[in-house]
Number of protein chains: 2
Amino acid sequence: MRAIAVPGSNSETTRRDNLSALLREVHLAGPRSRSDLVALTGLNRSTVGDLVAELAGQGLVREQRGDSLGAPGRPSPTVHADSDGALVLAVSIAVHWLTVATVGLGCVVVERVRRDWSGEPPSLDRVLGDIHEMSRSLLARPGVHERLVGVGVAAVGPVRSRDGYVHFAPNLGWTAVPMAERIADLLDLGVPVMVRNQSDLGARAEHLRGAGVGVDDLVYLYCDVGVGAGIVSGGRPLVGARGYAGEVGHMTVDPEGSPCGCGSRGCWETVVGERALLRNAGHDPDGGVHEVDAVLRSAETGEPTAVAAVEALARPLGIGMAGLVNLFDPRVVVLGGLFARLAPLLMPGVETELAQRVLSVDREPVRVIPSRLGEDAPLLGAAERAFEPLLADPLRGFARVATVRDGGAMANV
Amino acid sequence: MRAIAVPGSNSETTRRDNLSALLREVHLAGPRSRSDLVALTGLNRSTVGDLVAELAGQGLVREQRGDSLGAPGRPSPTVHADSDGALVLAVSIAVHWLTVATVGLGCVVVERVRRDWSGEPPSLDRVLGDIHEMSRSLLARPGVHERLVGVGVAAVGPVRSRDGYVHFAPNLGWTAVPMAERIADLLDLGVPVMVRNQSDLGARAEHLRGAGVGVDDLVYLYCDVGVGAGIVSGGRPLVGARGYAGEVGHMTVDPEGSPCGCGSRGCWETVVGERALLRNAGHDPDGGVHEVDAVLRSAETGEPTAVAAVEALARPLGIGMAGLVNLFDPRVVVLGGLFARLAPLLMPGVETELAQRVLSVDREPVRVIPSRLGEDAPLLGAAERAFEPLLADPLRGFARVATVRDGGAMANV
DNA sequence: AATGTTTGTGGTACGGTGCAACAAACGTGA
DNA sequence: TCACGTTTGTTGCACCGTACCACAAACATT
């Protein structure tokens, strides 16, 4: 017989779902009066009072005397997420830098540390060592351990969602890294470690707290060195069967094009990625962040070859983006990473291709906008992902787990 | 304040969800013993008994004495969906033909009528007239009206899910058709009329009852005259902000390619669609179904130019498919419509491109398989879509609606 | 200061599922 | 043929969660 299709509901699931809805609301949307929560959920006043009291008892939310804003009637107390009530450790691994932060409920960054790498891409051991060291200083603060509910990691390359395994990261030269397991062993915290692709987490952050708030269908295009996308469709992240969805960088755009690090040729990434920009500008394609900065500064001053190098990305970017728009029908495309920095120079060329190639149905044109969270998007997305089990079940979120590498049931969330 | 994010749960929603889970199970998976339902849902024996009794009271399911299959213990009665308990009218509009059917719960086709068009594509009025006439004979059967819960329509071209509006259908020469409204006015049945794109509905049918049963992540590639895709991700259909997701036919594959009916140029559809096949074979690109049959028969006998014409589709098909696989990370790609008929000849070339261009992470290779439902897929998907409101809320499914054009809350299901 | 409005609070009612005991229906083995 | 173990339906009751109602508290208005 088939596995459980839809597990049945009972009073426990009802309670859990309602607690989850309230905690998620104050976590994502900020402080809310209790009467607002009544209106939002449609639940009864007494029920909301009871639920909020339970969340407050767990230390997850706090209530403050409501201030009357000139309205008649008894003021409703304000409920807000307690940023000390639960914490996560968020890690963002990029090709050129590493960020580690402790983040409190409500997505409040408590403390953050960043380390830049220059020259050659760092080895895996170097990165793991840095994560270890930087985390230790953050976790040493009093009370942090007790309130820690998870670790979220944004990684370069395709990540298998089931167990946070990174099969390869061509732009870092890594292969076969059981990333979640390595980090879990390293930190030994007894909380779940969730590893996801940086683009997927960037999309999550922009959707929940950035340029895509309130937009349930968006495509987030991210360029670190390679190019990836995170897709939110119907308010849910698109993950795919194993977690590899969104690998737009390796769509073939020219069957006879240049070889790509992935083994194929003519991948989109070879014509719109960081290396393509540097090559266009006559710089060393592997020059890294400093060379990119140099090209950007030149382009901003109007230096012709630099401007031309940037603008040469616009057409293939626009053509590929048009395909993505036809595929996903998003309301918004958010440009992240390098694309966000290049946005002013890229937009005219991109818009030209979109106008020509997006299926012109009745819709208002797709809005293409730069990221609002910038380089922090993957980090904040990692934090949000780590909070997810607590938000889904506020009473069990603190349970220490035996298996610390992701969670089967929550693999595709 | 923001709109309701997550409506609260109470005992009513619990009851509704559990009734829905049971009805959906017997509708989709066929007859189930009550003890199976207990195991599947995790609900208590008494609860399942009560729920089944309520569904039986509504005439939606029936119980039969269970036959003991040599196992000890009291036999559990078999619960099966009552195919007379609820009916939908399913309509499938293709470029070359039209099918109308009444379909009972459990997706039992009660009666079906098909009409082929030859020569020029039919006018909108002709099609609507045929739908009217064919439906009337099906609906004239005694008892049909009372048990009818909805109308599902598979249409050519992008369909706006909110209201079933077809902005244009280039392969039929239609523009600006409020299809759901037109059909609702035509039939005047007082039940919701849901119009969706044929590829989206084909994907739904293959997912629920065809080649993709049990596969929660699949891409369904459908070729009627144009090329479209229906995507199921995480068990849910991908719809996009307005319902236009999956328009793969108009991804640019050659920026300088031939012009397409959509106004752009170099669209995928121009190199892998029906017209491309006929052009490759030296036939009239607009020759329609008879010319296609002629090419297929020649190819099957090994006639070289016909074989070459088919095989010439394989490479661009494989390249584009590789991009889709990288984007969606499906477990299965289902070939529908013309692609299913061409599958044996196309597969070698397609597999070559996939092997080269799909990001070779640890996954087992994507399986590319032909449709199991063939030309019926969009029809059955339309039926499934029409059953959805009943399955989601078995007690209210029979309520006659004032607004018969789709449903706001269920627009993106 | 009186009044109307809005909201929190506490007690009770209602609905849904879970549980335990019993009965029914089967196969097995003496 | 009958006693026994096993599995499952059935029934009455307990438990849990939310809804409802009445009342009190806290505000603005007049």
Side-chain angles (χ1 to χ4, degrees), chain A residues 1 4 6-23 31-57 61-79 393-396, chain B residues 1 4 6-23 31-57 61-79 393-396:
Chain A
M1 200 172 45
I4 296 174
V6 181
S9 309
N10 55 22
S11 51
E12 276 179 54
T13 62
T14 301
R15 183 73 167 182
R16 172 165 52 72
D17 290 349
N18 285 341
L19 286 169
S20 169
L22 292 185
L23 183 59
R32 285 266 181 258
S33 76
R34 256 162 69 176
S35 64
D36 283 347
L37 294 174
V38 168
L40 284 167
T41 59
L43 296 170
N44 192 277
R45 282 210 303 264
S46 12
T47 306
V48 172
D50 191 43
L51 292 166
V52 169
E54 179 147 19
L55 291 174
V61 304
R62 280 195 313 219
E63 291 191 274
Q64 282 182 335
R65 279 199 68 238
D67 29 86
S68 60
L69 301 142
R74 178 175 173 174
S76 191
T78 301
V79 183
D393 192 350
L395 301 184
R396 289 198 224 288
Chain B
M1 197 170 48
I4 296 173
V6 181
S9 308
N10 55 22
S11 52
E12 275 179 55
T13 63
T14 302
R15 184 73 168 180
R16 172 166 51 72
D17 290 349
N18 285 341
L19 286 170
S20 169
L22 292 186
L23 183 59
R32 284 265 181 260
S33 75
R34 253 160 74 175
S35 65
D36 283 348
L37 294 174
V38 168
L40 284 167
T41 58
L43 295 171
N44 192 276
R45 283 210 302 261
S46 31
T47 306
V48 171
D50 191 43
L51 292 166
V52 169
E54 179 146 17
L55 291 174
V61 305
R62 280 195 313 219
E63 291 191 274
Q64 280 181 335
R65 279 198 69 237
D67 28 87
S68 61
L69 300 143
R74 176 174 176 174
S76 192
T78 301
V79 183
D393 192 349
L395 301 185
R396 288 197 224 291

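Here is the naming used below: chain letters follow the sequence lines, and residue numbers restart at 1 for every chain.
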Residue pair B/Arg45/A/Thr14 against DNA chain D: nearer the 5' end by closest nucleotide is B/Arg45
Salt bridge (Lys or Arg N to Asp or Glu O under 4.0 Å) pairs touching residues 38-50 of chain B, sequence neighbours excluded, are B/Arg15-B/Asp50
Donor-acceptor pair present, A/Ser46 side chain and D/dC20 base, under 3.5 Å
yes
Is A/Ser11 near enough to C/dG16 that one of its side-chain N or O atoms lies under 4.0 angstrom from OP1 or OP2? no
When rounded to whole Å, the CD to P distance for the pair A/Gln64 and C/dT7 reads 19 Å
Handout entry: Phosphate contact (D/dA19 OP1 or OP2) by B/Asn10 side-chain N/O below 4.0 Å
Key = yes
Under a 4.5 Å cut-off applied to non-hydrogen side-chain atoms, are A/Leu395 and A/Glu54 in contact?
yes
Under 4.0 Å: is that the gap between some side-chain N or O of B/Ser35 and OP1 or OP2 of D/dT8? yes
Atom pairs under 3.5 Å, N or O on each side, protein against nucleotides 28-30 of chain D: can you list them with distances?
unit_1	atom_1	unit_2	atom_2	d
D/dA28	OP1	A/Ser68	OG	3.4

The salt bridge (Lys or Arg N to Asp or Glu O under 4.0 Å) partners of B/Asp17 (sequence neighbours excluded) come to none
Q: For B/Arg65, report the nucleic acid contact type (base, sugar-phosphate, nothing); a contact means any heavy atom under 4.0 Å.
A: sugar-phosphate
Legend entry - Sugar-phosphate, base or nothing in reach of A/Ser76, heavy atoms under 4.0 Å: sugar-phosphate
Mind checking B/Arg15 for me? I need base, sugar-phosphate or nothing, with any heavy atom below 4.0 Å counting as a touch. sugar-phosphate
**OP:** Would you indicate what A/Ser9 reaches in the nucleic acid, counting non-hydrogen atoms under 4.0 angstrom: base, sugar-phosphate, or nothing?
**Re:** sugar-phosphate
Of the candidates C/dC26, C/dG18, D/dT18, the side chain of B/Asn44 sits closest to C/dG18
